[in-house]
Amino acid sequence: MAKLLALMVLGLVLAFLGERFVTFRQVYTPHQVHPVEPPSCHLIQGLENGSEDIDILPNGLAFISTGLKYPGMHSSAPDKPGEIFLMDLNGDDPRAWALPIRNGFDTQSFNPHGINAFTDKVTSAVMTLPNSDSSSAKEDQGGEEARSEEAPEQTFSWPDHVVYLYVVNHPQGKSTVEIFRFEGDSLFHLKTITHELLSSPGEVKEVANGLSFANGITVSPDRKYIYVAAVTSHSIHVMKRHDNWTLTQEKVLNLGTLVDNLSVDPATGDIWAGCHPSGKKLLMYDPADPPGSEVLRIQRLLSPTPTVTRVYANNGSVLQGSTVAVVYNKKLLVGTLFHKTLYCDL
Ligand SMILES: *[C@@H]1O[C@H](CO)[C@@H](O)[C@H](O)[C@H]1NC(C)=O
Ligand SMILES: *[C@@H]1O[C@H](CO)[C@@H](O)[C@H](O)[C@H]1NC(C)=O
Ligand SMILES: *[C@@H]1O[C@H](CO)[C@@H](O)[C@H](O)[C@H]1NC(C)=O
Ligand SMILES: *[C@@H]1O[C@H](CO)[C@@H](O)[C@H](O)[C@H]1NC(C)=O
Ligand SMILES: [Ca+2]
């Protein structure tokens, strides 16, 4: 989202030059937010300074990046390093805690942006989740605010699998990719990738054009379609992926809101979109008139008549600047650029 904002500012400048006036008008369309909320939602304790990206493993463990700082963009904790939080979505009342990072990683300059978990099959690996009594977990999620109910001891064992977390990091304004191995209760830093291609790709092939602000990208469960959120044209583009890695556009679904990230529910194939009702409020942050949040579910996107449901909408009084919505087993997590994190039972 941050890169998106920087580009949006550029887009606005271009708009003033008359080139992209339509885009400009769309970004600034006032959008009244009427509240919508699933019956059971609450904010997650300890995750109130952004949760830009969320990735959920097939077994219900969610990784959440927090504390993104990006030039020209609001941050609610400018002096606090970023962190990666973990949540186990299998319990009734899951809580989140910061994962300690081991192996000499510079946590002070950690500024995580996008994250992706990668699971590798190996011969044998067992991971243990800390229970709620674990002293490090208690300290990390903030003392007396910790939930009083003791979670049962949980053991995450996934024989034959090792989980790696790939994190886009912006330490001191640079861009790197950090690779961590998830150790059940912490992250073990394996490697920092600093490559010139990260900032200016050399060999690239254009596979799609004409998108306005391509941001969230995801793949259909059968891997045949690519879904791209085109933020400033308020739409999702559906591309068919051919065996030779070319893409052809199948359809465009207009959603009337700034679509940020997309995720696919692996169980149903539904698409979940974190959206921004007002680009203006997001860009020019005013705590007295904050940006709102919106989550859309798109069912049967490939059919002639997809169903779009506004699952969550709020004017910013509860949740500001939603970037991502991810589901696991009828549970919904909504992340934000710099604000809180919402959990709902669907
Ligand atoms: C959300 O967008 C950011 C870029 O703004 C990207 O790094 C991240 O991976 C995206 N998350 C999802 C779930 O698509
Ligand atoms: C969020 O940031 C503020 C300002 O730095 C800080 O006081 C607060 O403790 C942070 N909250 C969490 C849960 O990290
Ligand atoms: C790639 O495959 C598609 C579908 O089979 C075909 O229409 C297209 O011409 C191919 N493009 C190239 C560059 O080979
Ligand atoms: C946002 O909604 C709440 C409750 O629905 C309302 O009390 C508040 O006045 C609204 N704020 C703005 C800025 O519209
Ligand atoms: Ca991601």
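Bear in mind the structure is a predicted one, so any value in this text is a computation, not a measurement. In listed order, ligands and their atoms are each counted from 1. What's counted below: heavy atoms across the whole structure, side chains too, no hydrogens, waters or symmetry copies.
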Could you tell me the separation between the [atom1] atom of [X] and the [atom2] atom of [Y], rounded to the nearest 0.5 Å?
X: Ser65; Y: Ile54; atom1: OG; atom2: CD1; result: 8.0 Å
X: His189; Y: Thr107; atom1: NE2; atom2: OG1; result: 11.5 Å
X: Phe110; Y: Lys69; atom1: CZ; atom2: NZ; result: 10.5 Å

### Query
Counting heavy atoms only, which of Leu47, Ile44, Asn49 comes nearest to atom 3 (C) of ligand 2?
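Ranked by closest heavy atom to atom 3 (C) of ligand 2, first place is Asn49.
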Do Val122 and Phe118 sit in one hydrophobic cluster, given that two such residues count as connected whenever their side-chain heavy atoms are within less than 4.5 Å of each other, even indirectly?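 Same hydrophobic cluster.
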Between the side chains of [X] and [Y], does any donor sit under 3.5 Å from an acceptor?
X: Asn49; Y: Thr66; value: no
X: Thr307; Y: Arg300; value: yes
X: His170; Y: Ser175; value: yes
X: Tyr328; Y: Asn90; value: yes

Considering non-hydrogen atoms of the protein only, which is the closest contact for [atom], and what is the distance?
atom: atom 5 (O) of ligand 2; value: Ala77 CB, 3.6 Å
atom: atom 4 (C) of ligand 3; value: His242 ND1, 3.5 Å
atom: atom 11 (N) of ligand 3; value: Asn244 ND2, 3.0 Å

How is the N/O/S atom of Asp53 that comes nearest to the Ca ion (ligand 5) named?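 Nearest N/O/S atom of Asp53: OD2.
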Provide the number and element of each atom of ligand 2 under 4.0 Å from a heavy atom of [X].
X: Ser76; value: 2 (O), 4 (C)
X: Glu48; value: 8 (C), 10 (C), 11 (N), 12 (C), 13 (C)
X: Gly46; value: 13 (C)

Discussion item. Please report whether atom 9 (O) of ligand 3 has a protein non-hydrogen atom at a separation of less than 4.0 Å.
Written reply: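 So far as the 4.0 Å threshold goes, atom 9 (O) of ligand 3 is out of reach of every protein heavy atom.
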Please indicate, with yes or no, if any protein heavy atom is found under 4.0 Å from atom 14 (O) of ligand 3?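 It does; a protein heavy atom is within 4.0 Å.
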- Pro78, portion touching ligand 2 at heavy-atom distance under 4.0 Å: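 Within the 4.0 Å criterion, Pro78 makes no contact with ligand 2.
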query: Which angle, to the nearest 10 degrees, do you find at the Ca ion (ligand 5) between O in Ile115 and OD1 in Asn116?
result: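 Value, to the nearest 10 degrees: 70°.
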